[in-house]
Amino acid sequence: MIIINKIQAIIFDKEQHKYGFSFKFEKGLNIISGENSSGKSTTLSCIYYCLGMEQLLGSLNEEALADCLKVEFKFSNKTYQVFESYAELEIENNLGEKALIKRVIKSAYGEKTNNIEVNINEKGPEIKFIHSTGDSDQEEGFYKWLADFASIQIPVYLTEDNKERKILYLQHIFSSAFVEQTKGWSDFFAQLPYFTTKKPKQKIVEYILGLKGLVEEFHLDVLKEKETYEKRKWVDYVDSFKIVASHYNLDVPNLSDQFDTKLSPPKIDSLPLQTKDTKNKTITIIDSISQLKKSIAILERKNLIEFIIDKNSDLVIKHSAIKEKINNLKEQFVNIESEKLNETTKQDKYLQIISQLNKEINTLESLKKINSLALLSIKDVDNCPVCNSSLLLENSNELKNLDKIDSTHSIIFYKSEKALYQSYLDNSKKLCERYNKIILYYRDQIEDNLKLLNEVDKELVSDSRIPSRASITEEISLKFEVEKLLKIDNSFLLLKENLKTISETLAVIRFDKKGINDNKEADEKLISDLKTKFIELLKDFDYPKEIITKIQIKNEDPSRLLPVIYNNAERIAQPIRLKSSASDFIRVLWAFYLSLLIKSQKHVGILILDEPGQHAMKLNSMKALIKVTKGIKDKQVILAISKDKSKDKLSTPLNKGDEVYALNDILADFTEGKDYHINVIQDNGEDDKLIQYLK
């Protein structure tokens with residue numbers, strides 16, 4: 001947390017005469033006052049500038065500042081050119097440390113505006129850099145220094161590869177402290193810079209209130225992704241084992257149902273591998289191996305002590321059965337290859353569609369950057385996929401219906417289509433991999449049965465006095481079958497080990513997810529407190545009572561954590577801005593920013609409101625604002641208020657019913673030095689009232 005002690009701007013003309021301004025501030029309520037266009041906003045812009053927050057004014061570097069600070073100014077009816085200039089800001093943190101921040105506005109010696117000088121407790125200046133990679137992370141980065149000095153912990157989350165990613169940036173957090181005059185009163189956090197942050201307004205509120213959901217939302221996303229990944233691994237392990245089992249012609253019914261992802265490791269260990277025996281009865285692999293070994297023992301005894309007397313009739317039957325089996329296997333082999341061919345054809349089609357979608361996405365992204373079709377290759381996109389507006393215009397024509405062609409939503413549409421077809425392609429590739437394994441299985445089966453058929457052929461013409469070749473081959477085949485089942489059993493044991501590891505990981509994920517859901521109750525209490533204070537302040541500011549009863553602030557969409565008007569009859573929520581008049585919405589913004597300041601656990605510590613008396617604000621409302629802000633003693637509020645509410649010299653109402661009052665009317669019930677501290681910009685009769693001669 002910080003407070004502002006002093007702001008000054010120093011300007012030199014080419015003769016090195018010194019001009020500028022200097023104002024001091026205290027804790028609690030501070031007021032900057034002056035005539036209209038006297039320089040109140042210019043003063044505040046220097047505060048933004050020194051803190052590196054000029055992006056909140058909608059500009060970058062010195063472009064955010066008035067010309068009187070960088071080009072020319074008037075004094076004593078004479079115009080002076082700015083030779084060089086800089087702004088200085090003194091801030092103090094909650095440890096009592098003071099830092100003097102100096103930033104060049106215009107340099108005659110090539111000094112960069114992106115270099116900021118800081119001097120803590122007069123120990124000597126250090127140079128920090130800004131608006132460049134590392135300004136928030138490196139020790140020499142200004143935002144890193146400012147965050148450390150103000151004890152502002154930038155919220156981060158850990159990715160799956162344990163890398164830190166910022167949830168918010170310092171500029172986001174400071175947007176809750178600054179409301180500038182031009183656009184700041186149009187919406188909540190109206191001048192947020194773009195940093196690809198998802199729902200930044202909601203995250204700012206989460207950060208200020210200290211909601212656990214700020215980081216936990218990202219942690220929950222990571223957990224969900226990890227859970228999906230682990231479950232996919234689980235399914236892949238089970239499916240891979242089923243393919244191995246089918247390769248050995250092993251039927252494993254209901255394996256996916258048996259191995260549920262919520263099973264504990266001991267239960268996984270206890271599950272047996274089951275198959276069907278020759279009589280179609282369900283037995284375990286161990287029992288199947290035992291049966292095969294008994295059959296082998298019988299064949300061994302038979303081959304040792306018996307001679308085949310008349311075997312030809314049995315061999316003919318066996319020969320026919322093997323040939324039939326081979327034919328069936330070949331038929332299934334052809335069917336599988338045909339299915340695989342169909343999938344590869346589909347893959348080619350998917351690739352063509354994805355390629356076309358990429359062209360359309362590129363074309364529409366180009367459309368966002370131009371306002372005519374002169375350079376647009378319209379043959380790629382005939383119609384906008386969202387509004388169906390024709391894009392087939394003459395190259396010489398302006399894109400007059402640009403507002404109807406929402407290229408952003410079109411791009412989103414095409415990207416979703418691309419993602420869909422990419423998923424089709426990925427699934428098709430996985431299916432082809434399974435087909436390849438099944439094809440390999442059928443090839444092996446056909447080859448084994450052809451060998452067996454060859455042995456039977458030889459047996460039919462062999463001497464019947466020697467042991468049966470087919471019987472010996474059958475014995476060998478059974479032994480191979482036992483070896484296969486033993487391999488499958490080992491694979492099954494490995495499967496269970498893999499699934500046990502995943503089961504343990506999933507259990508931890510479920511535990512962490514439950515903890516996040518439990519923390520939501522604590523967050524709800526903080527959100528409820530914010531709403532209570534917000535409603536209380538709205539009543540103080542004379543916001544319409546009939547609307548107050550319908551206001552909600554909830555941790556759910558739409559407009560999560562922002563005030564909405566809830567219609568019980570229609571059961572819908574609408575942004576409060578749409579249900580408020582211009583002056584009413586200004587009071588909403590007062591109440592919301594002040595509620596965040598008062599109820600904050602992690603706030604910058606200051607709140608600057610530039611011209612809060614917008615849109616014909618009533619005198620009683622302005623008095624109520626002073627009454628509320630003067631009571632905030634542990635933080636700092638700075639209000640920039642014109643001396644005369646009227647915008648013309650005659651102090652006449654601009655519209656029928658408008659009140660005309662001066663700053664003295666607003667402050668009539670309050671005591672300077674006790675309730676507020678004031679800085680008045682003196683009217684020196686010049687256009688640039690703010691700029692004074694400094695000795």
Side-chain angles (χ1 to χ4, degrees), residues 1-3 27 51 53 93-95 136 143-144 146-158 164-179 188-189 192 195 197-223 512-537 551-557 559-564 589-608 628-629 631-637:
M1 192 177 79
I2 59 171
I3 61 167
K27 258 190 177 182
L51 291 172
M53 298 296 159
N93 62 19
N94 52 2
L95 299 177
S136 298
Y143 293 131
K144 171 73 166 62
L146 181 57
D148 290 342
F149 181 82
S151 299
I152 296 173
Q153 188 174 1
I154 303 298
V156 298
Y157 71 97
L158 289 178
E164 284 192 352
R165 292 287 183 269
K166 286 184 174 61
I167 298 173
L168 288 173
Y169 289 85
L170 202 60
Q171 294 94 315
H172 286 131
I173 297 168
F174 267 85
S175 69
S176 66
F178 298 156
V179 182
F188 301 102
F189 314 112
L192 275 180
F195 290 122
T197 302
K198 179 183 176 184
K199 295 185 178 180
K201 294 183 180 182
Q202 283 76 12
K203 288 179 174 54
I204 291 168
V205 177
E206 286 179 293
Y207 174 80
I208 292 173
L209 294 182
L211 302 187
K212 293 181 179 179
L214 175 63
V215 176
E216 288 182 344
E217 177 186 352
F218 289 88
H219 185 44
L220 184 60
D221 287 343
V222 171
L223 287 175
D512 289 345
K513 285 174 66 178
K514 183 180 182 301
I516 290 174
N517 290 329
D518 290 345
N519 287 334
K520 285 183 178 179
E521 293 184 9
D523 283 354
E524 290 296 337
K525 175 64 170 62
L526 295 173
I527 296 168
S528 176
D529 290 346
L530 174 69
K531 177 191 170 185
T532 300
K533 174 53 69 174
F534 177 67
I535 297 295
E536 176 188 318
L537 292 179
I551 292 175
Q552 295 288 347
I553 300 179
K554 292 186 176 182
N555 195 14
E556 59 186 44
D557 289 324
S559 301
R560 184 169 66 90
L561 298 177
L562 298 175
V564 295
L589 293 174
W590 294 356
F592 190 69
Y593 287 121
L594 286 167
S595 297
L596 288 177
L597 181 68
I598 294 168
K599 289 297 181 181
S600 65
Q601 295 191 22
K602 300 177 181 179
H603 198 281
V604 173
I606 56 178
L607 178 60
I608 298 176
V628 170
T629 51
I632 303 173
K633 301 296 186 183
D634 58 333
K635 298 181 178 72
Q636 188 178 57
V637 178

Are any non-hydrogen side-chain atoms of [X] and [Y] less than 4.5 angstrom apart?
X: Leu607; Y: Ile632; answer: no
X: Ile608; Y: Tyr593; answer: no
X: Gln552; Y: Lys531; answer: yes
X: Asn94; Y: Ser151; answer: yes
X: Val564; Y: Ile551; answer: no
X: Lys635; Y: Ile3; answer: no
X: Phe188; Y: Pro563; answer: yes
X: Met53; Y: Leu170; answer: yes

Let's go through Ile152 and Leu146 carefully: what are the C-alpha distance in whole Å and the side-chain angles of both, what is the deciding distance for side chain to side chain contact (heavy atoms under 4.5 Å, CB included) to 0.1 Å, and is it a yes or a no?
CA-CA 8 Å; Ile152 296 173; Leu146 181 57; over 6 Å; no
Rounded to the nearest 0.5 Å, how far does [atom2] of [Y] lie from [atom1] of [X]?
X: Ile553; Y: Leu561; atom1: CD1; atom2: CG; result: 8.5 Å
X: Ile167; Y: Lys199; atom1: CD1; atom2: NZ; result: 14.5 Å
X: Leu209; Y: Leu530; atom1: CG; atom2: CG; result: 5.0 Å
X: Lys554; Y: Glu524; atom1: NZ; atom2: CD; result: 9.5 Å
X: His603; Y: Ile204; atom1: NE2; atom2: CD1; result: 10.5 Å
X: Leu168; Y: Ser136; atom1: CG; atom2: OG; result: 11.5 Å

Kindly indicate, with the supporting measurements, whether the criterion side chain to side chain contact (heavy atoms under 4.5 Å, CB included) is fulfilled by Thr197 and Lys203.
CA-CA 9 Å; Thr197 302; Lys203 288 179 174 54; 4.1 Å; yes
Side-chain donor-acceptor pair under 3.5 Å between Lys602 and Gln153, yes or no?
no
Determine whether Phe178 and Leu51 satisfy the following criterion, side chain to side chain contact (heavy atoms under 4.5 Å, CB included), listing intermediate values before the conclusion.
CA-CA 11 Å; Phe178 298 156; Leu51 291 172; 3.8 Å; yes
Does Val205 form a side chain to side chain contact (heavy atoms under 4.5 Å, CB included) with Phe592? I'd like the steps, not just the answer.
CA-CA 10 Å; Val205 177; Phe592 190 69; 3.9 Å; yes
Please name the pair of heavy atoms, one in [X] and one in [Y], separated by the smallest distance, quoted to 0.1 Å.
X: Gly605; Y: Met1; value: CA-CG, 3.3 Å
X: Ile606; Y: Ile2; value: CG2-O, 3.4 Å
X: Leu537; Y: Ala591; value: CD1-O, 3.6 Å

Evaluate Asp529 against Lys533 for salt bridge (charged side-chain N to carboxylate O under 4.0 Å, His left out), listing each step before the verdict.
CA-CA 6 Å; Asp529 290 346; Lys533 174 53 69 174; over 6 Å; no
Counting only N and O atoms by type, is there a donor-acceptor contact under 3.5 Å from the side chain of [X] to the main-chain atoms of [Y]?
X: Asp523; Y: Leu211; answer: no
X: Gln202; Y: Arg560; answer: yes
X: Ser528; Y: Lys525; answer: no

So Tyr143 and Phe174, ring-ring contact (aromatic ring centres under 6.0 Å, His included) or not? Walk me through it.
CA-CA 11 Å; Tyr143 293 131; Phe174 267 85; 8.7 Å; no
